[in-house]
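First up is the structure itself, then whatever we jot down about it.
Each residue takes its place number in the sequence, starting with 1. Scope of the values below: all heavy atoms of this structure, side chains included, with no hydrogens, waters or symmetry mates.
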Amino acid sequence: METLDAYLSATHGTKSSTVWLADYRTTTLSPSGAEPEEALGEQLGSAMRAFASQTPVVEARDGQSLARLHLPVSAWGERVGVLSVGLDADRVPAERPRLEELAESFAVALSAAYRRTDRYHLDRRRSGRLTMAAEMQWDLLPARAYEQPGVKFAGQLEPAYTVGGDHFDWAINGDWLTVTALNGMGSGLDAALLTTLAVNAMRNARRSIPAGQSRPGDLTDQAVLAADAIYSQYGGARHVATLLLALNTTTGELRMIDAGSPRMILVRNGQVRDMALDAQLPLGMFGDTRYVEEHTTLNPGDRIFVVSDGVHAAIRPNEATFGERELSRAIRSTRLQPPAEAISSVMRSLREYHAGAELADDALIICLDWSPRADP
C-alpha cells in the first residue's frame, strides 16, 4: 500500500490514498493498513456507493480545492474493494481515466497478493474472526465472481464467518464454464473437510485428462471420481449433496447433474421457475455409483440461481419455509441487478426472514447470467 501511495503521488499528483477492502459478507469496507479514524469514516459512505454501483464516485465540496475520487477495485468481475484518492479538484477530469485503469490493474495485483501475505486477510476480517471451517472454505474458493463477454456469475457463502459444509467451485476452460454447488453432510470442521475432499477430487478429474483428449464440459468423470474418493474415505457414512453445471459460453448449452439438495431456479422473461432435474445419489453415498448428464440450452438473457437447502428450506417456527414464502419474490426483485448485487439482495431477504438472527444453517447462493457474445 505504501508503494502504491508513493506511485500515485509521484505520477498522478494525489495528496492521499486509501485502499478499502470488502469484508467476507461484502456488506462493509475496511481501510487497509490503518486503524479506522474519523476522517476515514467520513469517506466510507462515498466508498460504499462506488463499491455497490461499480462506478467511480467523485466527492467534492463547494469552495474546497481538494476533491476525492473513489474507484471500484474489481478483478474479472470479483469486487475486491475501493481505491480512494485525494487530489486537486481541477485535476480530476484529466486524471480520472488513468486512475480507473490503475484501479483495474491494482485489483489483479491485490488478488495475487492474497496468496502471498496475511496482511489483506487481516484487514478484511476486522468485523469478525473466521472459524477454522470458514477459513478452509474461503481459502478453497477460486474467487466469488467472474465475468467475461456473454457470461457473468457470482456466489456467496453464509454465515460468512462460520460457514462449514456449503461451498461452490468454478473453472473456465475454453468455451466451458464449470460451476459446482456443494453441501457437505454435517457441520463445522467435519463438513468443511468433507467438502474439501469433494472439491479437490472434482478438480483432479478436470485436470487429469491426457493431452489431446480434452473433454471440456464433461461432468460425469468429476462426479464419479469425487463419489469414489468420498466413499473410499468414509465408507458411505458421509456424503456431499452436489449440483454440477457446465455452460458453453458461446452456444448456451448447459450440462447438469443433480446429485443432492442444491436447487436450480431459472429466470426467463421475468418468470421464475424451478428447473426439475432427475435426482441422482449424493456423492459418496454408495460405491461404484454412476451419473448421467442432462442437457438443455439457455436462451439469451436467461438467469440461473442456485441455492442450497440453507436458503430454500430455511424455516422459522410456525411459518412457511423461506423457499415457499419469500424466495421467488426476492429473486424477481433482482431482475435489473447484476449477479453480485442480486445475491446480496436475496441474502438480505433471507436475513430479514430470520429477523436479524444468525442463520441456523449454512446457506449458498449462486447467480449466473448468459447472453451470446457480441460479434467483434
Does any donor atom in the side chain of His167 or Thr195 lie under 3.5 Å from an acceptor atom in the other side chain?
no
Short side-chain donor-acceptor distance under 3.5 Å, Ser345 and Gln337
yes
If hydrophobic clusters are built from ILVMFWY residues whose side chains come within less than 4.5 Å, do Val151 and Leu254 share one?
yes
Specify the closest pair of heavy atoms between Leu281 and Ala259, including all atoms of both residues, with the distance to one decimal.
O-CB, 3.3 Å
Is there a path of hydrophobic side-chain contacts, each under 4.5 Å between heavy atoms of I/L/V/M/F/W/Y residues, joining Met285 to Leu197?
yes
Using the rule that two of Ile, Leu, Val, Met, Phe, Trp, Tyr join whenever any of their side-chain heavy atoms come within less than 4.5 Å, decide whether Ile265 and Phe322 are in one cluster.
yes
Mark yes or no for whether Asp166, through its side chain, and Asn183, through its backbone, hold a donor-acceptor pair below 3.5 Å.
no
Thr321 and Glu324: side-chain donor and acceptor closer than 3.5 Å?
yes
Answer with yes or no whether the side chains of Glu135 and Gln137 bring together a donor and an acceptor at under 3.5 Å.
no
Roughly how far, to the nearest 0.5 Å, is the CG atom of Asp362 from the CG atom of Asp309?
9.0 Å
Check whether the side chains of Ser74 and Gln54 place a donor and an acceptor atom closer than 3.5 Å, and report yes or no.
yes
Using atom types as modelled and distance alone, determine if a side-chain donor or acceptor of Thr131 lies under 3.5 Å from a backbone N or O of Ala134.
yes
Measure across Asp288 and Asp228 and return the closest heavy-atom pair with its distance rounded to 0.1 Å.
N-OD1, 3.9 Å
Answer yes or no: are there more than 12 heavy-atom neighbours, outside Asp90 itself, under 6.0 Å from its atom CG?
yes
Closest non-hydrogen atom pair, Gly86 against Leu66
C-CD1, 4.0 Å
Would you confirm whether Glu294, through its side chain, and Asp278, through its main-chain N or O, come within 3.5 Å as a donor-acceptor pair?
yes
Quick check against the 3.5 Å criterion: does Thr14 have a side-chain atom that pairs as donor or acceptor with the backbone of Leu8?
yes
Okay, side chain of Ser46, backbone of Gln43: is any donor-acceptor separation there less than 3.5 Å?
no
Going hydrophobic residue to hydrophobic residue with side-chain gaps under 4.5 angstrom, can you get from Leu225 over to Tyr231?
no
At their closest point, which heavy atom of Val82 faces which heavy atom of Phe51, and how far apart are they?
CG2-CB, 3.7 Å
For the side chain of Gln222 and the backbone of Asp218, is there at least one donor-acceptor N/O pair under 3.5 Å apart?
yes
Just checking Leu266: does its CG atom have more than 12 heavy atoms from other residues, nucleotides or ligands closer to it than 6.0 angstrom?
yes
So, Asn299 side chain and Asp302 main chain: donor-acceptor pair closer than 3.5 Å or not?
no
Any idea how Tyr114 and Tyr120 line up, ring-wise: parallel (<30°), tilted (30 to 60°), or perpendicular (>60°)?
perpendicular
Working note: Phe305 + Ile365, criterion side-chain contact (heavy atoms from CB on, under 4.5 Å); need CA distance, chi angles, decisive distance, verdict.
CA-CA 7 Å; Phe305 277 91; Ile365 297 181; 4.1 Å; yes
Is the side chain of Arg255 donor-acceptor paired with the backbone N or O of Leu219 at a distance under 3.5 Å, no angle test?
no
What's the spacing between Arg115 CZ and Thr117 OG1 if we round to 0.5 Å?
13.0 Å
Could you check whether Glu101 pairs with Arg98 (Lys NZ or Arg NE/NH1/NH2 to Asp/Glu carboxylate O, under 4.0 Å)?
no
Would you confirm whether Asp190, through its side chain, and Ala192, through its main-chain N or O, come within 3.5 Å as a donor-acceptor pair?
no
When clusters are formed by joining ILVMFWY residues with side-chain heavy atoms under 4.5 Å apart, either directly or through shared neighbours, do Val80 and Val19 land in the same one?
yes
Ring centroid separation for Tyr146 and Trp170, is it under 6.0 angstrom?
yes
Closest heavy-atom pair and its distance - Ala160, Arg25:
CB-CG, 3.5 Å
Have Trp370 and Thr249 got a donor and an acceptor in their side chains that come within less than 3.5 Å?
no
With a cut-off of 6.0 Å (strictly less than), are more than 12 heavy atoms of other residues, nucleotides or ligands near CD of Gln271?
no
Atom pair CD1 (Ile304) and CG (Asp369), whose distance is rounded to the nearest 0.5 Å
9.5 Å
Does Gly301 offer a backbone N or O that forms a donor-acceptor pair with the side chain of Ser371 under 3.5 Å?
yes
For Val58, run the side chain to side chain contact (heavy atoms under 4.5 Å, CB included) check against His70, Arg68, Arg96 and tell me which one passes.
Arg96
Go through it in stages, so that I can follow the logic: the residues are Tyr161 and Tyr24, the test is ring-ring contact (aromatic ring centres under 6.0 Å, His included), and I'd like the CA-CA distance, side-chain angles, deciding distance and then a yes or no.
CA-CA 7 Å; Tyr161 291 84; Tyr24 288 87; 5.7 Å; yes
Closest approach of Glu341 to Ala52 (non-hydrogen atoms, all atoms of both residues)
OE2-O, 3.1 Å
Are Ser17 and Asp5 close enough that a side-chain donor and a side-chain acceptor fall under 3.5 Å?
yes
Residues, nucleotides or ligands: over 12 heavy atoms within 6.0 Å of Arg290 CZ
yes
